[in-house]
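Worksheet for the structure shown next.
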Number of protein chains: 2
Amino acid sequence: MKLNGFITPDGYTSDIAVFTITSEPNGDHKPPLKKLKIMLIKRSESDHEGNPNMEAGKWALPGGFVRSTETSLQAAEHKLEEETGVSGLRIKHFGTYDSPNRDKRGWIISNAHYVIAKEEALRNRKTTYDASDIQLFTINEAICLPLAFDHRQIIDDALWFIKKDMALTTLAQHFLPEEFVLSELQGVLLTILDDSSISTDAAFFRKAPKLPFIEAVTENGQLKKSNRYSKTPAQLYRFTDFQPMVSIYNQKLKG
Amino acid sequence: MKLNGFITPDGYTSDIAVFTITSEPNGDHKPPLKKLKIMLIKRSESDHEGNPNMEAGKWALPGGFVRSTETSLQAAEHKLEEETGVSGLRIKHFGTYDSPNRDKRGWIISNAHYVIAKEEALRNRKTTYDASDIQLFTINEAICLPLAFDHRQIIDDALWFIKKDMALTTLAQHFLPEEFVLSELQGVLLTILDDSSISTDAAFFRKAPKLPFIEAVTENGQLKKSNRYSKTPAQLYRFTDFQPMVSIYNQKLKG
DNA sequence: AAAATAGTGTCTATGAGACACTATAAA
DNA sequence: TTTATAGTGTCTCATAGACACTATTTT
C-alpha cells in the first residue's frame, strides 16, 4: 500500500533481549555466584512451510513479525510467551532499528525490547519451529557468537540500557525474590554495576538498610530473618513503592 | 507487500517535539525570565495535491512519512530542517507509537523524537504546504489545544523524557550559550526541575562551580567575566566533556 | 547612598569511607 | 574452638543547608 506517494515498510518486527541472573550454589551457608545471562535462539534452517530461513544457523534474539492488530510491545509479550512459556513480566521498549539495509529481505523495521526474567521462568524454555536451539549465554559468550542481522548492536544497546536502569531505577527487584537478604541485593548489583560503595561490605551493609526504597520485613511484630545464605540469620528486606529520582546537580563534587 | 503471511504497516512516520526556552528581558542587569516552550504546527485543510487533510485544523507535532532509504531519525532531521530551517541539532528518539487504531488512515507507526532548539534558530521558522500556522506554546497552553492523533500523549511522554534527561545528563547545555553565567544555568534548570538546591541562591552558587562537568572560562590567564545580567561582573562557565553518572544506590538516605 | 546581583564566611548536622571490632550459628 | 557471614563502633573528613555577611557596579 502506498500512502501519499510514500513507500511503506516491508515488515515490522519485535525483538526481545531476555536477561536473567543465574545463581550457582557455592557451598552451604554461602551466597551463590551470580552471573548475568542473555537468552538466544538458534535460527532454524527452514521455516514452518519448509522454505529456507534467512540467516539460518546463526544465533538471534527471540522475536518476530508484529500483527496489524497489536503494538510491538504486545507482540513482544506474546512472542516471549510462545517461545519461553513466560508471561506477566514487565517488558521495556528501548530502541528502534530501521536502517534500510539491516535486513536483506527488504525494509524491515525492528523494535527492540528487553525483559528481566527469573531464572526459574526460563528453566522450562522450549524450542519452536523457528528455533533449532535455545540457550543462556553470559554476555562475553554472546558477543563471540555468530549473530543474525544487527543483533550484535541491539544486544550492546540493551546492555547499556540495563546498566542505566539498574543504576537509576529499582530494576534490581526483578532479579530478586520478594523478600531478600542484603547480600543477595549486593550480588545482583555487582553483576552489572561496578562501584566501591556496593562492593565494600561495610559500606553496603551500613547504607543499604537506609535506602528510601527498601524496608525491613517484619512478621508478628518481629524482624523477619533468614539464614538461607549464612549461619547468622540475616534481616529480610523488600522494595517499597518509592520511586527514587536522582540528579547530576545533586551529586558528589570534584575535589 | 506481504511477508511470511503477515500484513505490513500502512505507513511509517517520524514526529518531532521541538522544545526551546524563551528568554524575556526583565529589565537591565537582571536575568531574563525563562520559559519552556514547544513548537507546534496547525495542520492545513488540504495537502499539496488539494486533497482534504486528515485531522485538518488541529495542532500537531511537525513530522511526516519516512522514506524507504532513511531511518526515522534521518527523516526527523530533514523534516525539521524543511519546516524550521534548523539543522545540526542533536535529535533524540524516545518512543514508538504503533497502536493499531491511532490513525484512521490505517496502521501507521510513528517514531517520536525530541530536540532542543535555540530560541534564535526558531525565529525564522516558516509554514509549509502542510502547515497553515506554526507557533510556540508553553506546555500549559499546548495541552489545552485541540491536538491531532495521539500527539497529546506523545507530548506528555516527551516532557517526561526531557525532565529525566535534564536531571541526568548535561542536556542543559543545549539551552545555553557556549559561555554562560551561573544564573543562566539556574534559570534553565528551574524551567524544568524543581529542587531547593537549585532554587536556593546560596546553595546553587556555592555548589555549581564545583560540579565535575562545568569549568570556569579563562582568557589570557584571567578569569573571564560578564555583566550581561548583573552590575557585578559574574564568572563565565562552560560545560566540559565529562559525562556524569549517578546511581540511586549512592544517594541521600532516609532519616 | 541605594539597590541589585554575585558571591563568601561560618556554623551545625549528617553522611562517606576506612578499619577494627562484635554477634551468631554450624560443623 | 574454628570459620564464615552479618553486621556495628568509632574515627576522620567532606558536604548540605541555613543565615548572615561582603563585593561590585549602576543609577
Side-chain angles (χ1 to χ4, degrees), chain A residues 23 25-34 179-187 190 194-212 214 216-217 222-237 244 246-255, chain B residues 23 25-34 179-187 190 194-212 214 216-217 222-237 244 246-255:
Chain A
S23 294
N26 192 22
D28 274 0
H29 305 294
K30 298 187 83 168
L33 289 175
K34 288 182 181 290
E179 299 182 352
F180 56 89
V181 130
L182 291 185
S183 64
E184 287 181 281
L185 174 59
Q186 187 187 29
L190 288 178
D194 177 33
D195 186 316
S196 73
S197 76
I198 296 171
S199 59
T200 307
D201 284 353
F204 186 76
F205 281 90
R206 187 187 309 274
K207 182 172 3 183
K210 290 185 177 174
L211 288 170
I214 72 174
V217 180
Q222 298 275 359
L223 290 171
K224 190 173 173 192
K225 310 221 172 193
S226 156
N227 58 350
R228 56 183 130 171
Y229 297 133
S230 63
K231 297 164 183 171
T232 314
Q235 178 61 46
L236 286 167
Y237 293 88
V246 291
S247 159
I248 59 170
Y249 296 96
N250 223 330
Q251 71 169 332
K252 267 175 285 189
L253 309 179
K254 61 191 170 194
Chain B
S23 293
N26 191 22
D28 275 357
H29 304 293
K30 295 187 88 166
L33 288 176
K34 289 182 181 289
E179 299 181 354
F180 56 89
V181 130
L182 290 185
S183 65
E184 286 182 281
L185 173 60
Q186 188 187 29
L190 287 177
D194 176 34
D195 186 317
S196 72
S197 76
I198 296 171
S199 59
T200 308
D201 284 352
F204 186 76
F205 280 91
R206 188 187 309 273
K207 182 175 0 184
K210 291 185 178 175
L211 288 169
I214 74 173
V217 180
Q222 298 274 359
L223 290 171
K224 191 173 172 191
K225 311 222 171 193
S226 157
N227 60 350
R228 57 182 129 172
Y229 296 133
S230 63
K231 297 165 183 171
T232 313
Q235 178 61 47
L236 287 167
Y237 293 87
V246 292
S247 161
I248 58 169
Y249 295 97
N250 223 330
Q251 71 169 333
K252 266 176 288 188
L253 309 179
K254 61 190 171 194

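Note that the structure is a prediction, hence the values are computed from the model and not measured. Throughout, protein chains are lettered first and strands after them, A, B, ... in sequence-line order, and every chain is numbered starting at 1. Values below: every heavy atom of this structure, side chains too, minus hydrogens, waters and symmetry copies.
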Which whole-number value in Å describes the distance from [X] [atom1] to [N] [atom2]?
{"X": "Gln235(A)", "N": "dT24(C)", "atom1": "CD", "atom2": "P", "answer": "14 Å"}
{"X": "Tyr229(B)", "N": "dT5(C)", "atom1": "OH", "atom2": "P", "answer": "14 Å"}
{"X": "Lys207(B)", "N": "dA18(D)", "atom1": "NZ", "atom2": "C1'", "answer": "13 Å"}
{"X": "Ile198(A)", "N": "dG17(C)", "atom1": "CD1", "atom2": "C1'", "answer": "15 Å"}
{"X": "Arg206(A)", "N": "dC11(D)", "atom1": "CZ", "atom2": "P", "answer": "13 Å"}
{"X": "Gln186(B)", "N": "dG7(C)", "atom1": "CD", "atom2": "P", "answer": "11 Å"}
{"X": "Phe204(A)", "N": "dC19(C)", "atom1": "CZ", "atom2": "P", "answer": "20 Å"}
{"X": "Phe205(B)", "N": "dA4(C)", "atom1": "CZ", "atom2": "P", "answer": "16 Å"}

For [X], report the nucleic acid contact type (base, sugar-phosphate, nothing); a contact means any heavy atom under 4.0 Å.
{"X": "Ser230(A)", "result": "sugar-phosphate"}
{"X": "Thr200(A)", "result": "nothing"}
{"X": "Ala234(A)", "result": "sugar-phosphate"}

- Where the side chain of Gln235(A) meets the backbone of Lys224(A), is there a donor-acceptor pair that is under 3.5 Å apart?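 Flag set: sc Gln235(A) to bb Lys224(A) pair under 3.5 Å.
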Straight-line distance of [X] [atom1] to [Y] [atom2], nearest 0.5 Å:
{"X": "Asp195(B)", "Y": "Tyr249(A)", "atom1": "CG", "atom2": "OH", "value": "11.5 Å"}
{"X": "Ser183(B)", "Y": "Lys34(B)", "atom1": "OG", "atom2": "NZ", "value": "8.5 Å"}
{"X": "Leu211(A)", "Y": "Leu182(A)", "atom1": "CG", "atom2": "CG", "value": "9.0 Å"}

- Could you pick out which residue, Lys225(A) or Lys231(B), lies toward the 5' side of DNA chain D when each is mapped onto its nearest nucleotide? Lys225(A)
- Respond yes when some side-chain nitrogen or oxygen of Ser183(B) is under 4.0 Å from OP1 or OP2 of dA6(C), and no when none is.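 So the side-chain polar atoms of Ser183(B) do come within 4.0 Å of the phosphate oxygens OP1 or OP2 of dA6(C), strictly under.
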